[in-house]
Amino acid sequence: MDEPATFQRYDWDSDQLAEWKTVEPGGIVVIEGNYSTRAGLREFYDFTIWVDAPHDVRLQRGVGRDGEAARQRWLHEWMPEEDRYIASERPSESCDLVVDGGGTP
């Protein structure tokens with residue numbers, strides 16, 4: 001499309017949106033995140049990849065990265081939202097490539 005793209009960065013430490021960023025056209029841009037392949041964004045991508053991992057692996061990795069204090073948030077907030085997204089958007093059916101992310105990191 002050769003147009004700049006803007007996005008608002010999420011600040012994990014403060015748990016809120018932060019400053020706006022601009023990405024100029026050209027080169028390869030990688031967009032990552034659970035909800036980045038939703039239907040409303042697909043037209044903007046040339047190639048999409050979905051990394052699929054089972055619930056227990058996702059939980060282990062999330063708690064491993066964020067600490068035991070985040071376990072309840074993973075179980076009762078983030079993972080249920082991920083599960084709803086997967087059920088409604090079915091990214092494994094719409095992405096160009098599906099990767100098995102269930103192995104040991």
Side-chain angles (χ1 to χ4, degrees):
M1 290 192 194
D2 290 335
E3 296 177 23
T6 59
F7 69 95
Q8 196 169 8
R9 184 181 70 81
Y10 186 79
D11 184 332
W12 285 98
D13 292 332
S14 66
D15 193 22
Q16 61 187 1
L17 292 172
E19 75 277 4
W20 284 88
K21 301 275 190 171
T22 299
V23 178
E24 297 297 331
I28 295 174
V29 176
V30 176
I31 310 294
E32 71 86 23
N34 285 349
Y35 311 110
S36 62
T37 58
R38 65 183 186 267
L41 296 175
R42 290 183 196 140
E43 70 180 281
F44 299 108
Y45 304 136
D46 293 322
F47 193 82
T48 54
I49 301 170
W50 177 254
V51 179
D52 197 27
H55 184 275
D56 60 330
V57 172
R58 292 170 20 224
L59 178 61
Q60 177 187 3
R61 290 177 182 165
V63 171
R65 181 191 64 216
D66 299 332
E68 190 59 42
R71 179 180 293 276
Q72 293 307 308
R73 197 156 185 203
W74 270 100
L75 286 170
H76 301 291
E77 185 178 339
W78 294 328
M79 293 188 80
E81 286 298 321
E82 291 174 358
D83 293 340
R84 279 190 280 282
Y85 173 77
I86 292 166
S88 67
E89 295 281 336
R90 298 190 312 268
S92 64
E93 296 175 19
S94 62
C95 287
D96 298 302
L97 175 65
V98 177
V99 176
D100 180 0
T104 304

Flag if over 12 foreign heavy atoms under 6.0 Å of CZ, Arg42: yes

Any sub-3.5 Å donor-acceptor pair from [X]'s side-chain atoms to [Y]'s backbone N or O?
{"X": "Glu19", "Y": "Arg9", "answer": "no"}
{"X": "Tyr45", "Y": "Cys95", "answer": "no"}
{"X": "Gln8", "Y": "Ala18", "answer": "yes"}

Do the non-hydrogen side-chain atoms of [X] and [Y] ever get within less than 4.5 Å of each other?
{"X": "Phe47", "Y": "Ile49", "result": "yes"}
{"X": "Glu89", "Y": "Thr37", "result": "no"}
{"X": "Glu32", "Y": "Val51", "result": "no"}

Do the side chains of [X] and [Y] join up, straight or via other hydrophobic residues, at under 4.5 Å, putting them in one cluster?
{"X": "Phe7", "Y": "Ile31", "answer": "yes"}
{"X": "Tyr10", "Y": "Met79", "answer": "yes"}
{"X": "Val23", "Y": "Phe44", "answer": "yes"}

Parallel, tilted or perpendicular, judged at 30° and 60°: which one describes the rings of Tyr85 and Tyr35?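 Tyr85 vs Tyr35 ring planes: perpendicular.
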
Return the CD to CZ distance between Gln60 and Arg65, rounded to the nearest 0.5 Å.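 One finds 13.0 Å between CD of Gln60 and CZ of Arg65.
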
As an exercise, state the distance from CZ of Arg58 to CG of Asp83, rounded to the nearest 0.5 Å. 5.0 Å

Non-hydrogen atoms of [X] and [Y] that approach each other most closely:
{"X": "Leu75", "Y": "Leu59", "answer": "CD2-CD2, 3.7 Å"}
{"X": "Arg61", "Y": "Ala53", "answer": "NH1-CB, 4.3 Å"}
{"X": "Pro4", "Y": "Thr22", "answer": "CB-CG2, 3.9 Å"}
{"X": "Asp46", "Y": "Asp96", "answer": "O-OD2, 4.0 Å"}

Quick one: which of Trp74, Trp78, Trp12 gives a side-chain hydrogen bond (donor to acceptor under 3.5 Å, both in side chains) with Asp66?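 Going through Trp74, Trp78, Trp12 one by one, the side-chain hydrogen bond (donor to acceptor under 3.5 Å, both in side chains) with Asp66 is satisfied by Trp74 alone.
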
